[in-house]
Amino acid sequence: MRPKHFSRKQRQLKYLVKKLNVLLQKSEKKLESEINNLISRIKYLASQLNGIVNANRMKRILGGIALLIGISFTNTANAQWFAYPIQDPFNLQDGNDEAIINPEFADLDNDGDLDYLAGEYNGGFGYGLGFRYQENIGIATSPNFANAVINPFGLTAYSPTFPEFGIRQHHKFIDIDNDGDFDILSNLVSMNYNTYAVSSNFLYYENTGSPSSPQFSTPTVNQFGLTSSPTIVYTTLGDIDNDGDTDILGFSFDYSTYAANFLFIENIGSPTAPNFSSPQLNVFGIPSGIFSLLALEDIDTDGDLDIIFTQENYNSTDFGYVENTGTAAIPQYNPPPTQNPFGLSFPNWQGGGIPNFKDLDGDGDNDLIVGTDDDFISYFENVGVQQPVTYECINYSCVDPGTGSGSYTTLSSCQTNCTAPVSYDCDWVLNSCYDPGDGSGNYTSYNDCILDCTPQPTWDCVAPGNCQDPGNGSGNYWSLQDCQNACGATPSWNCDASLGCIDPGDGTGLYTSLTGCQANCNSTSIENTEINTLKLYPNPVNNTLNVSSDKKINKIEIYDALGRVIYTENNPSSVINVEQLESGLYSIAIIFDDNKIVKKFTK
């Protein structure tokens, strides 16, 4: 018995063909857009029925329309070919997406084109996992997306209460109750803040509005027999067993054992009353550890669903393809996957990606849209068959756009005209400037770069009470004050002939109390009047303190108002950097071979 949903598609196709024939007999210019829209929908339905409906029957349904609009319908599988990716096309906008952006499209307002719904991070402890909507204000064959609206149509962000917080929510459109409008089914991953226990659940947002005016209810958890899982779950939807209802597929990752499994949750209900079975792992010939972020698509157009997924390598992200070698009703997959088939490639990207197939340009075939964890969207146009090799200068690199329409017919001519302007970036480790070679440097001149490429002062606690700048920007503290606060020692005191009782800052003082030190300490100045050429200026000081003497200075020590040593430098220069000191009164000890002089200064 032929599945009912294919019968429904045949009826839809017959209706559209009849309507198109009527419109083609009219000559009004205003009907051109409607005619193009009908042609796109007919092509799409024809591609969906390829390999399912007998070719002779399709010829009877389509009649002369097939030749007119360029449909050649056979039961022969055809490969597809995808162009070089375009980032954020058609005014699709980046947002605050949780984890990896989930690009989902549907004709939400029933105007004949695909609208866009992505995830949105709304802030707060619970990670407020909501939605971002962009209406397609173009047409089916030329999309143009309006500015984003957050949580439209009554949608609400998922905001758990402490100690639970949301990690990610991946949503899919599906008319799960078969009432003619799009509902939303998503899988949610959350974690307990105290125990780090992971939990995955399904949220169902019912569309209680209409096909042209959606309105979504408050989400319910684990409807239709769906259950919670103590693993990280990512899912997609598809009728993988060809029984006329939508099943759930994906992968499950156990955070505690690092085991990754293919996940199949069969819909054992009906198109109007879904009911999902217990999850099955690694069925259809699929071993564990193969797939992650996947999509189902009849990419070889042979009438069954194949698997396309993204896989992150050490320095790139690739596409994996596993063909369904079984049938539409009894699938069979035989890894290992084919890497980057059908012209697909993901240049200059390293990270996760969620694939989704939709006819975004309305030309009758499904294009590929991939959302990434860097919060952008890559669009791979389906160009049908491999196009002639041409070249385009993209980000100062010569690539084949895959459409046959590149500006250059040879690689050499492209390279001649595709030279990046000189720019510079700072290598903070080597403290040097370099040209990245693609025009992306932050500085247009070497001098501007080198001025900013000097390590900023940082501080390390080298001993209790002793903070030092390592000089290469690698210190653990951004300010001297932060270092001093963390670099304390048990207070102790020594008697200094000039300063009285001081805390050396390293816990080595002779006295454990200030009172005990003061009782035994008679301070007298030891300033040597013979060294009358010693100069300390300016005072008060701003950023640099100048010290000059006719004798060699071996060491300087700077004390705060409590007598703590806060800065030490051996064999100092005549210019002391005190920029990091807070405002206040300080003492500086200038130490020679045979004595020392103590001066006070103010910052």
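Just so you know, these numbers come straight off a predicted model, no measurement behind them. We use all heavy atoms of the structure for the numbers below, so side chains are in, but hydrogens, waters and symmetry mates are not.
A side-chain donor from one of Asn201 and Ser228 sits under 3.5 Å from a side-chain acceptor of the other. Under the 3.5 Å distance criterion, with hydrogens and angles disregarded, no donor-acceptor pair is assigned to the side chains of Asn151 and Glu120. Remark: the Asn366 side chain and the Asp359 side chain contain no N/O donor-acceptor pair separated by less than 3.5 Å. Between the side chains of Gln134 and Asp115, no donor-acceptor pair is found at a separation under 3.5 Å. Using modelled atom types, one finds no donor on one side chain facing an acceptor on the other under 3.5 Å when comparing Asn187 with Ser200. Looking only at atom types and distance, the side chain of Asp438 has a donor-acceptor partner in the side chain of Ser440 under 3.5 Å away.
Under the rule for a ring-ring contact (aromatic ring centres under 6.0 Å, His included), the partners of Phe105 that lie at least two apart in sequence or sit in another chain are Tyr116. For Gln223, there are no side-chain hydrogen bond (donor to acceptor under 3.5 Å, both in side chains) partners, not counting sequence neighbours. With sequence neighbours excluded, no residue forms a ring-ring contact (aromatic ring centres under 6.0 Å, His included) with Tyr396. Applying the side-chain contact (heavy atoms from CB on, under 4.5 Å) test to Glu206 and every residue at least two apart in sequence or in another chain returns Asp177, Asp183, Tyr204, Thr208, Ser217. With sequence neighbours excluded, the residues that form a ring-ring contact (aromatic ring centres under 6.0 Å, His included) with Phe262 are Phe291. Partners of Ser190 under the side-chain hydrogen bond (donor to acceptor under 3.5 Å, both in side chains) rule, at least two apart in sequence or in another chain, are Glu164. Partners of Lys18 by salt bridge (charged side-chain N to carboxylate O under 4.0 Å, His left out), not counting sequence neighbours: none found. Here Phe264 pairs with Phe284 under the ring-ring contact (aromatic ring centres under 6.0 Å, His included) rule; sequence neighbours left out.
Asp318 contributes no side-chain N or O that, together with a main-chain N or O of Asn340, makes up a donor-acceptor pair within less than 3.5 Å. Judged by distance alone, with hydrogens and angles left aside, the side-chain atoms of Asp367 form a donor-acceptor pair with the main-chain N or O of Asn382 at under 3.5 Å. Side chain of Thr390 to backbone of Gly406: a donor-acceptor contact under 3.5 angstrom is found. A donor-acceptor contact shorter than 3.5 Å links the side chain of Asp239 to the backbone of Asp243. Using modelled atom types, one side-chain atom of Asn136 and one backbone atom of Leu114 make a donor-acceptor pair closer than 3.5 Å. Judged by distance alone, with hydrogens and angles left aside, the side-chain atoms of Asn207 form a donor-acceptor pair with the main-chain N or O of Gln215 at under 3.5 Å. Here the side chain of Gln387 pairs a donor or acceptor atom with the backbone of Val385 at under 3.5 angstrom. Judged by distance alone, with hydrogens and angles left aside, the side-chain atoms of Asn442 form no donor-acceptor pair with the main-chain N or O of Asp425 at under 3.5 Å. Side-chain atoms of Thr317 come within 3.5 Å of backbone atoms of Gly351 as a donor-acceptor pair (strictly under, hydrogens ignored). Asp306 places no side-chain N or O within donor-acceptor distance of the main-chain N or O of Asp298, the cut-off being under 3.5 Å.
A 6.0 Å sphere centred on CG of Asn395 holds no more than 12 heavy atoms belonging to other residues, nucleotides or ligands.
Legend: side chain to side chain donor-acceptor pair (under 3.5 Å) pairs involving residues 273-288, not counting sequence neighbours, sorted by first then second residue: Asn261-Asn282. Evaluation of the ring-ring contact (aromatic ring centres under 6.0 Å, His included) test over residues 225-252, restricted to residues two or more places apart or in two chains, returns His170-Tyr234.
The aromatic rings of His171 and Phe173 sit perpendicular, their planes meeting at an angle over 60°, well past the 30° parallel limit.
Atom-to-atom distance recorded for Leu249:CG and Leu294:CG is 7.0 Å, nearest 0.5 angstrom. Once rounded to the nearest 0.5 Å, the distance linking CG of Leu293 with CZ of Phe309 reads 10.5 Å. With values rounded to the nearest 0.5 angstrom, Phe342 atom CZ is found 14.0 Å from Ser345 atom OG. Atom CD1 of Ile101 sits about 9.0 Å away from atom CD1 of Ile354, to the nearest 0.5 Å. Here the OG1-CG distance, from Thr272 to Asp175, works out to 10.5 Å after rounding to the nearest 0.5 Å. From Leu188, atom CG reaches atom OG of Ser199 across 8.0 Å, with rounding to the nearest 0.5 Å.
Within the 4.5 Å cutoff, no side-chain heavy atoms of Gln169 are placed close to those of Val189.
Here the two rings, on Phe319 and Phe380, have centers that are under 6.0 Å apart.
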Can you list, pair by pair, the side-chain donor-acceptor contacts under 3.5 Å of residues 323-332, counting residues two or more places apart and other chains?
residue, atom, partner, partner atom, Å
Asn324, OD1, Gly326, N, 2.9
Asn324, OD1, Gln332, N, 3.0
Asn324, ND2, Leu305, O, 3.3
Asn324, ND2, Thr327, O, 3.4
Thr325, OG1, Gln332, O, 3.2
Thr325, OG1, Asn334, ND2, 2.7
Thr327, OG1, Ala329, N, 3.3
Thr327, OG1, Ile330, N, 2.9

Side-chain polar contacts of residues 83-92 - donor-acceptor pairs under 3.5 angstrom, sequence neighbours left out - could you list them?
residue, atom, partner, partner atom, Å
Asp88, OD1, Ile377, N, 2.9
Asn91, ND2, Phe145, O, 2.6

**OP:** Run the numbers on Phe131 and Phe153 for ring pair (Phe, Tyr, Trp, His ring centres under 6.0 Å), then give the verdict.
**Re:** CA-CA 10 Å; Phe131 299 91; Phe153 313 125; over 10 Å; no
**OP:** For the pair Asp365 and Gln80, evaluate side chain to side chain donor-acceptor pair (under 3.5 Å) and give the outcome as yes or no after the intermediate values.
**Re:** CA-CA 9 Å; Asp365 52 37; Gln80 304 181 61; over 6 Å; no
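When all heavy atoms are compared, the tightest approach of Leu203 to Tyr158 is CD1-CD1, 4.1 Å.
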